[in-house]
Enquirer: 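What follows is a single structure, and I will ask about it in a moment.
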Amino acid sequence: MTEAKNPDGVEFGLARFVGFIQPQRGLPVPETLRRLVHSVLDYRNGRLQDDATVLFLEWHGPRATPRSDSAVRRNLLPHTKGARSAPLPG
């Protein structure tokens, strides 16, 4: 979306994108996305000539109860009874 150019060849750009996004805080993600698409289309006089990609991430903050590193390792590493780790070469 930031690479979309207006009829004069000027890109929508990262600064314009950030300037657009900041006032949208608090809106639902689908509404923000709808407004962004309309903004870029307006910038392009209603037409896109290429594909457009948008990725939105909605973050709900950190976990309520942080997990210890050992708990994370227990869930990520395969469970092998009696396995030993070998030293890394070097």
Enquirer: When rounded to the nearest 0.5 angstrom, what is the spacing between CZ in R34 and OG in S39?
Expert: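 So the CZ of R34 and the OG of S39 are separated by 11.5 Å.
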Enquirer: To the nearest 0.5 Å, tell me how far R35 CZ sits from Q24 CD.
Expert: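 The CD atom of Q24 is 5.0 Å from CZ of R35, to the nearest 0.5 Å.
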Enquirer: Following the transitive rule for hydrophobic clusters with a side-chain heavy-atom cut-off under 4.5 Å over Ile, Leu, Val, Met, Phe, Trp and Tyr, establish whether F17 and L27 coincide in one cluster.
Expert: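 In one cluster: no.
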Enquirer: Quick one: CZ on R25 to OG1 on T32, what's the gap to the nearest 0.5 Å?
Expert: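 R25 CZ to T32 OG1: 11.5 Å, rounded to 0.5 Å.
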Enquirer: Do L33 and V18 sit in one hydrophobic cluster, given that two such residues count as connected whenever their side-chain heavy atoms are within less than 4.5 Å of each other, even indirectly?
Expert: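 In one cluster with L33: V18, yes.
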Enquirer: What distance do M1 atom CE and L41 atom CG have between them, rounded to the nearest 0.5 Å?
Expert: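 Here the interatomic distance stands at 7.0 Å.
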Enquirer: Among all residues two or more places apart in sequence or in another chain, which pass the ring pair (Phe, Tyr, Trp, His ring centres under 6.0 Å) test with Y43?
Expert: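 Applying ring pair (Phe, Tyr, Trp, His ring centres under 6.0 Å) to Y43 gives F12.
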Enquirer: Without swapping roles, check the side chain of D8 against the backbone of V10 for a donor-acceptor pair under 3.5 Å.
Expert: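 Side chain of D8 to backbone of V10: no pair is present.
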Enquirer: Tell me, please, which residues at least two apart from P28 pass side chain to side chain contact (heavy atoms under 4.5 Å, CB included).
Expert: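 P28 satisfies side chain to side chain contact (heavy atoms under 4.5 Å, CB included) with P30, E31 only.
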Enquirer: With the side chain counted from C-beta on, respond yes when R16 and T2 share a heavy-atom pair under 4.5 Å apart, and no when they do not.
Expert: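 Result no, sub-4.5 Å side-chain heavy-atom pair not found.
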